[in-house]
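Computation of the quantities below employed the complete heavy-atom set of this structure, encompassing side-chain atoms and omitting hydrogens, waters and symmetry-equivalent molecules. Read the numbers this way: they start at 1 and go in the same order the structure lists the ligands and their atoms.
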Amino acid sequence: MIKLLTVIGARPQIIKAAALSRAVELVYSAEIAEKIVHTGQHYDDNMSKVFFDEMNIPKPDYNLKVGSGAHGKQTASMIRGLEEVIQKESPDAIVVYGDTNSTLAAAIAGSKLHVPIMHVEAGLRSFNKSMPEEINRIICDHVSTLLFTPTEAGYFNLISEGFKEGNDGPFTADNPKIHHCGDVMYDNILHFLEQANSACKLFEDFGINKGEYLLATIHRDNNTDDPKRLTSIFKALNRISEEMDLQIVLPMHPRTSKLIKKNLDPDIYKQLKSNEKMILMPAVSYLGMLALEESSKMVVTDSGGVQKEAYLLKKPCMILRAQTEWVELVDNGNAVLTDSDENRIVEAYATLLNKTDYSYPDIFGNGKAAIFICKEIVNTLREDKK
Ligand code: UD1
Ligand code: UDP
């Protein structure tokens, strides 16, 4: 039996981990035993517990309860806690997801104890090291043993950083193996979409007009923490809702709920609160979010995961960032980079609305990425045990 230690902590990685846990339970239960560590990076019920409940993710075996804090302090507490768990459990490998501080901490703690790191969602680059996530991704990739890229662009980023293709095992952090396997978030959409659409009460509860609203999420630190950028984004949203007579639905990350009060220009904040077409709500569950995405007219976001889901659900998307690691979405004309610029956001809305020649090639694989990942982990670790 192979013992895998899965490390999660932030909302998107709890969601991604659901796909792998499902594959382990349904197909690989005779070969893989999974232990789960939650770092506690996200802790509100609607940022953590709700996903375990509705996506049937096994309850974590450990919760390090690190909570929020400055990057160094938060990451250091995670490394410390993870080191103890890894020493106690002696796993055959550690599975990490994406690019958060929880990912970085697990990559550092595990690689220093010589436990192979399996990085799901490897290879992505925004080429902007002022993003904490870019630093986390690069470091994690370069201490990993198996790297699973969701897109072709991710795979070629790794090649250009010196990773080899077609190399033979045994695979180690010094001789890593890279795989392009598609995106586990697509696996989740295929599994949960029908349930999401049938279970959603948000439309009724908030008086949302199905098919006739713009869905918005904003949580990146450079947008929420900078009063100028945050104000510019909300000016644009207010303008679109007024000029187009359009509802804007905004499920809010707790970071955003806290910072709109502090960082928004007071007049824009007042306008936001008095505009009946602006529908503000706390962060919703995964099923709630899928339903909101599926029935939206368009999406505007600075989230990595929400950009992808918009594409997979065939919705145009405005990206509130200067660059994206999901370059295919922009290259294919499904998404537009607007950064936080008020006019660019308003113009992009009109451009995407009037565009008619959308196409949706299979950028994110075939919906079976988690099975592929389990198979490669088992094959690699079995070879090692021989
Ligand atoms: C983190 C990730 C980011 C990811 C996002 C997903 C890093 C560096 N950033 O950003 O890549 O896109 O998660 O959502 O790891 N808070 C609460 N309750 C919670 C969680 C957070 O109130 O349950 C508030 C706290 O005020 C906290 C702030 O949100 O200080 C930021 O949380 P943190 O986990 O540090 O970063 P995120 O912005 O969530
Ligand atoms: N999401 C959610 N509820 C929300 C907002 C987002 O369940 O209120 C989901 C979304 O559907 C996607 C994931 O969270 O699956 C994206 O995570 P997030 O935006 O927090 O982080 P990022 O992908 O930018 O790292």
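Distances between N or O atoms of P251 and those of ligand 2 include no value under 3.5 Å.
Between Q307 and the options T324, D302, N334, T301, a side chain to side chain donor-acceptor pair (under 3.5 Å) holds for only T324.
Nearest non-hydrogen protein atom to atom 16 (C) of ligand 2 is S303 OG, 3.8 Å. Of the protein's heavy atoms, S68 OG, 3.4 Å lies nearest to atom 25 (C) of ligand 1. Nearest non-hydrogen protein atom to atom 14 (O) of ligand 1 is H42 CE1, 3.3 Å. Closest protein heavy atom to atom 9 (N) of ligand 1: E133 OE2, 3.6 Å. Nearest non-hydrogen protein atom to atom 16 (N) of ligand 1 is Y43 OH, 3.6 Å. The protein atom (non-hydrogen) at minimum distance from atom 24 (O) of ligand 2 is G304 N, 2.9 Å. Residue, atom and distance of the protein heavy atom nearest to atom 35 (O) of ligand 1 are Q74 NE2, 3.9 Å. Protein heavy atom closest to atom 18 (N) of ligand 1, with residue, atom name and distance, is D44 OD2, 3.0 Å. Of the protein's non-hydrogen atoms, the one nearest atom 17 (O) of ligand 2 is P12 CB, 3.5 Å. The protein atom (non-hydrogen) at minimum distance from atom 13 (C) of ligand 2 is I15 CD1, 3.8 Å. Counting protein heavy atoms only, atom 3 (N) of ligand 2 is closest to V284 O, 2.7 Å. Scanning the protein heavy atoms around atom 10 (C) of ligand 2, the nearest turns out to be E309 OE1, 3.3 Å. In this structure, atom 23 (O) of ligand 2 lies nearest to the protein heavy atom G305 N, 2.8 Å. Protein heavy atom nearest atom 1 (C) of ligand 1, with residue, atom name and distance: Q41 NE2, 3.7 Å. Scanning all protein heavy atoms for the shortest distance to atom 4 (C) of ligand 2 gives R11 NH1, 3.2 Å.
Of the listed options K258, R255, H219, H219 places a heavy atom closest to atom 5 (C) of ligand 1. Closest heavy-atom approach to atom 8 (C) of ligand 1 among the candidates T256, T75, N101: N101.
In this structure, R220 is part of the shell of residues with a heavy atom less than 4.0 angstrom from ligand 2. Using a 4.0 Å heavy-atom cutoff, H219 is listed among the residues neighbouring ligand 2.
With a 4.0 Å cut-off on non-hydrogen atoms, A10 does not touch ligand 2 at all.
Within ligand 1, counting atoms from 1 as listed, the ones closer than 4.0 Å to a heavy atom of H71 are 8 (C). For ligand 1 and M47, the ligand atoms under 4.0 Å from any heavy atom of the residue are 23 (O). Close approach of ligand 2 to M185 (heavy-atom distance below 4.0 Å) involves ligand atoms 12 (C), 15 (O). Those atoms of ligand 1 with a heavy atom of P12 less than 4.0 angstrom away are 6 (C), 14 (O). Close approach to R220 involves these atoms of ligand 1, each under 4.0 Å from a residue heavy atom: 3 (C), 4 (C), 11 (O), 12 (O). Heavy-atom proximity to F51, at under 4.0 Å, picks out these atoms of ligand 2: 7 (O).
Relative orientation of the F148 and H179 rings is parallel, given thresholds of 30° and 60° on the angle between their planes.
A cation-pi arrangement, defined by a distance under 6.0 Å to the six-membered ring centre and an angle within 45 degrees of its axis, is absent between K201 and F203.
Taking the charged nitrogens against the carboxylate oxygens, D141 and R137 have no contact shorter than 4.0 Å, which rules out a salt bridge. By the 4.0 Å N-to-carboxylate-O rule, R321 lies too far from D339 to be salt-bridged with it.
More than 12 heavy atoms of other shown residues, nucleotides or ligands fall within 6.0 angstrom of atom NZ in K177. The local environment of CD in Q87 is crowded, with over 12 non-hydrogen atoms from other residues, nucleotides or ligands closer than 6.0 Å. Counting heavy atoms of neighbouring residues, nucleotides and ligands inside a 6.0 Å radius, atom NZ of K368 does not exceed 12 of them.
Using modelled atom types, one side-chain atom of T231 and one backbone atom of D265 make a donor-acceptor pair closer than 3.5 Å. Panel note: side chain R344, backbone L337; a donor-acceptor pair is recorded below 3.5 Å.
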